[in-house]
Structure formats: structure tokens, C-alpha cells
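Below is one structure, written out as C-alpha cells; the observations come after it.
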Amino acid sequence: MLNPDRFLSDLHTLRRFGASGVGRGVRRPAYSDPDIAAREWIAARMAEAGLRPHFDDMGNLFGLAPGDASSLLLGSHSDSQPEGGWLDGALGVMAALEVARCVPGVSVVSFQDEEGRFGATTGSAVWSGQISQAEADAFTDHDGVSLGRARSRMEGLSSGPVDPSRFSGFMELHIEQGPVLDRDGKRAAVVTDIVGIRDMMVTFDGEQNHAGTTPMHLRRDAFRALAQFSALLEDRLRNVVTPQTVWTIGHVSLHPNASSIVPGRARFSMQWRDRDPERLGRMENIIRATAREVADGGGFELSFGSMFGLEPVGMDPRLRRALEQGAQEVCGDEWLHLPSGALHDATNVARLMPVAMLFAPSIGGRSHCFEEDTEEADLITALRILAAAATRASAQAM
Ligand code: GLV
Ligand code: MN
Ligand code: MN
């Protein structure tokens, strides 16, 4: 029998790995001490539940259902943002484990580096063949540490690859991370599709100089180039985007980053997301052209790093239907359909098998911050919907 208290207690225990900041905050980036310790703790819970824990070379952790028959895969990720909440990813993994305890033919996964210390959804990207292990190993984090070096910390745990053909499909429960369910007072959402993303580094090189003696009109201040680019982009993208399109400059490094030096270099991440791949392409052209215009206008050198991208994906109709029926059964008409503006491992797994997703409400729409939270009653509702859907989907797969 589904045990909501055990599920909540597991979630609270997982939060202790890397617990930080206000409220229920967590710092558990991929391959950090708390991430590895949390994965070992989850592996032990999997074994207790009768699943076979199996780490692959990336550090993705699978809990494999016993027997040779194909099983339904449920899960998400247990790494966090550098400043994250206790539910982003963790909810999907702990709910999957509780469902696997009660529904036969269910396997569980916690993917590695979903939060993109090294890329974005890196663990599932490698598992699904979106990128090779060698390509991923060359990725570096913002401190210059390579993924290859970071994952060597987990080397002793690996039992080699997990064959995706042993799974009939994948369902991921996640918090919404946006305001809609909370605002509309609804209990859950069945996801229709997941947006696509593009992400690249951009660098303006100007001239480093003395902040007291260099007249304003003689400066080639790389920070001012970045500021001008950001403001211009707002205007240049206006006729191309929809109210759902988003773009973000989320990581900036100024060189040499000192109060009395005119910055010689500004290097920053440029990320944009939309449901339409053509629009993503048009935005790329505008982003590149706007950066070029700023560089040429102010005498800056401009360079673009390599671009990371994931295409938008739709959810599988059969698995989505199982979640819709589960939602109807558990909470009547108190659920919605929603697109996902956040990235998820389901995007990569869709290359391998049918996938579907369920959302639980986020209080105040907050996520990727310490304040992220969800009412416990809503967490339990989501668990029940996932269990009902998994029961249906695994019966259909047989
Ligand atoms: C994943 O957390 C994302 O950035 O959407
Ligand atoms: Mn997540
Ligand atoms: Mn996240």
C-alpha cells in the first residue's frame, strides 16, 4: 500500500544532504559530496525496496525492477542548482521509489547533472545518446573543472551501461516551478510538451585600463558593451517572441572584476527558450546580429562559444492519458494541462521511449531558490496520481 508518510519522510531525509540557506533550501550540485552521499543513500533505499541499484559511468542511478520483463521507468534527478530548493528533482525520485514499492514492474532513476553544472540535463543527454560521454567529459563548469574530472569521484560505483530497451516508457513527476497551478488553485497538471532551449557563452573584449584616469569617451568598457547588448536585445526581440518566450543572461564574469579597473572583458551566458524551433532559430540570428552591432559600434572584439541546444518535445499520448485518468481519479476536475518552460530529463529520454510528465504546484511559483516549496497535501496528491497512472501504464505494457 502507498505510504504517504514514508514518502514525505524520505523527501525530508534527502533534503538533509546539502541542506542550506533559509526555509528548505539545498545546495547539492552534481558530483559534490552531498550529491554523491545522497545517491548512495537513495541506492540503499532502492535495495530495501527490492530494486537492484545500478550506477552507470555518468553517475546516473537506476533502481532496476527484479526479473527480465520490461518495466516502466519513473524518476527525475537528485542533484540541485547551486542555490536550489528541496523538491526540484527530488520529488520525482522519492515519489518514484514509493510507487515502485507498491506497483510491480516499476524501475526508478535519478539522473545526474540535470541542473547543468556542466551543460543541461547532462546525465540523461549522455544516456540517451544526445551527446557522447567523451563530449560530455570535455564540458567545464564555471570554475573550469571538467565533467570528466568531476565524475571520476564516482568511478568506483559504476557497474557500466544500462540498456534502455529494458524500459517500456518513462514518467516524471516534477514541481511546476511556475505560478499557474498556485494562482489558479489547482492541484496538478499533466504536461503537454517541453520547450526547446539554446545556450551559449558570449564574450566582449574591450580594453582594460585605470578607472580614475581613463576619460569616459576613451573607454572600451566591456561591461558597458554587455549592458548595451542586454538593453538592445529587449527591443530587437520584441517582434519575434511570444509572451511565453524567455531569454536570460544568468552568469557573467568580468575581467579582472575589480572596483578601480575598467573591465577589459565581459563573458556571459546567453540562454533562450521557446516551444517553436523556428523561433529559436530566428532569435539566434537576432542575438548574434545585436552582439555584432554593439561590438562594431564600440570597437569591441566579439566571440561566441559553442551552442548547446535541446529541441521541444511533445508527450506520448498513451502515457499522458494514463496521467490524465489518474488525475481525474485522484482530484476530480482540479487539474490542468500545462506546457513546461523548464527543462527536464524527459526531453532526452523521449529519444529512447514514450515519455510523459506530471506537475505539482509550486507555492508562489518559486523555484531555483531556497524558498521553493509545495503544500504537503499537494505532494501526496501528486504521489497518488503517479501511482494510479503507473498502475495503468504498466498493465497496458504487459
Ligand atoms: C532545469 O532546471 C532548467 O533549467 O529548466
Ligand atoms: Mn528539475
Ligand atoms: Mn531545476
Side-chain angles (χ1 to χ4, degrees), residues 11 14-15 18 21 24-30 32 35 38-39 42 60-61 74-96 108-125 130 139 141-142 170-180 189 191 193-200 244-251 269-275 280 308-313 338-350 355 357-362 365-374 379 382 386:
L11 258 180
L14 179 53
R15 192 234 152 194
R24 292 172 168 176
V26 166
R27 292 185 208 267
R28 202 164 56 228
S32 62
D35 171 57
R39 282 172 195 275
I42 296 167
N60 296 316
L61 167 61
L74 304 183
S76 189
H77 60 96
S78 53
D79 61 303
S80 84
Q81 287 286 331
E83 280 197 25
W86 71 305
L87 298 171
D88 180 355
L91 170 62
V93 176
M94 292 341 274
V108 176
V109 64
S110 168
F111 286 110
Q112 184 54 290
D113 196 31
E114 193 276 346
E115 298 292 6
R117 175 179 164 195
F118 295 97
T121 64
T122 328
S124 55
Q130 167 91 18
F139 291 173
D141 68 7
H142 289 308
F170 175 61
M171 291 203 292
E172 180 170 4
L173 163 62
H174 204 280
I175 46 167
E176 180 199 339
Q177 310 185 278
V180 181
V191 173
D193 54 331
I194 304 176
V195 295
I197 187 169
R198 301 288 182 266
D199 200 325
M200 68 178 171
Q244 282 74 44
T245 311
V246 290
W247 64 95
T248 308
I249 296 173
H251 184 272
S269 60
M270 180 71 233
Q271 183 193 91
W272 59 109
R273 307 187 193 203
D274 193 84
R275 294 165 82 174
L280 289 170
F308 174 86
L310 289 172
E311 299 311 310
V313 294
L338 275 183
S340 174
L343 278 185
H344 296 290
D345 293 306
T347 292
N348 295 314
V349 181
V355 302
M357 286 197 72
L358 176 70
F359 281 165
S362 294
R366 303 287 305 276
S367 187
H368 284 190
C369 57
F370 290 147
E371 291 80 3
E372 168 191 291
D373 209 355
T374 297
L379 297 175
L386 185 70

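Quick note: residue numbers are just sequence positions, from 1. Numbering of ligands and ligand atoms starts at 1, following listing order. This one's a predicted model, so the numbers in the text were calculated from it and none came from an experiment.
- Ser362 places a side-chain N or O within donor-acceptor distance of the main-chain N or O of Gln177, the cut-off being under 3.5 Å.
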Test salt bridge (charged side-chain N to carboxylate O under 4.0 Å, His left out) on Glu311 and Arg198; report intermediate values, then the result.
CA-CA 9 Å; Glu311 299 311 310; Arg198 301 288 182 266; 3.0 Å; yes

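- Side-chain contact of His174 with Asp88: a donor-acceptor pair under 3.5 Å is present, judged by distance alone.
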I'd like to know whether Asp35 forms a salt bridge (charged side-chain N to carboxylate O under 4.0 Å, His left out) with Arg28, so could you lay out the CA-CA distance, the side-chain angles of the two residues, the decisive distance to 0.1 Å, and finally the verdict.
CA-CA 5 Å; Asp35 171 57; Arg28 202 164 56 228; 5.3 Å; no

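- Side chains of Ser110 and Arg39: a donor on one and an acceptor on the other come within 3.5 Å.
- Residues satisfying the salt bridge (Lys or Arg N to Asp or Glu O under 4.0 Å) criterion with Asp199, sequence neighbours excluded, are absent altogether.
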Which N/O atoms of ligand 1 sit under 3.5 Å from a protein N/O, and at what distances?
{"unit_1": "ligand 1", "atom_1": "2 (O)", "unit_2": "Glu115", "atom_2": "OE1", "d": "2.8"}
{"unit_1": "ligand 1", "atom_1": "2 (O)", "unit_2": "His368", "atom_2": "NE2", "d": "3.1"}
{"unit_1": "ligand 1", "atom_1": "4 (O)", "unit_2": "Arg273", "atom_2": "NH2", "d": "2.8"}
{"unit_1": "ligand 1", "atom_1": "5 (O)", "unit_2": "Arg273", "atom_2": "NH1", "d": "2.7"}
{"unit_1": "ligand 1", "atom_1": "5 (O)", "unit_2": "Arg273", "atom_2": "NH2", "d": "3.4"}
{"unit_1": "ligand 1", "atom_1": "5 (O)", "unit_2": "Leu343", "atom_2": "N", "d": "2.7"}

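- Rounding to the nearest 0.5 angstrom, the gap separating the OG atom in Ser124 from the CD atom in Gln112 is 10.5 Å.
- Inspection of the environment of the Mn ion (ligand 2) yields the following protein N, O or S atoms under 2.8 Å: His77 NE2, Asp88 OD1, His174 NE2.
- Cation-pi geometry between Arg15 and Trp86 is not met: the NZ or CZ atom fails to fall both under 6.0 Å from the ring centre and inside 45° of the normal.
- The side-chain hydrogen bond (donor to acceptor under 3.5 Å, both in side chains) test applied to Trp272 returns no partner, not counting sequence neighbours.
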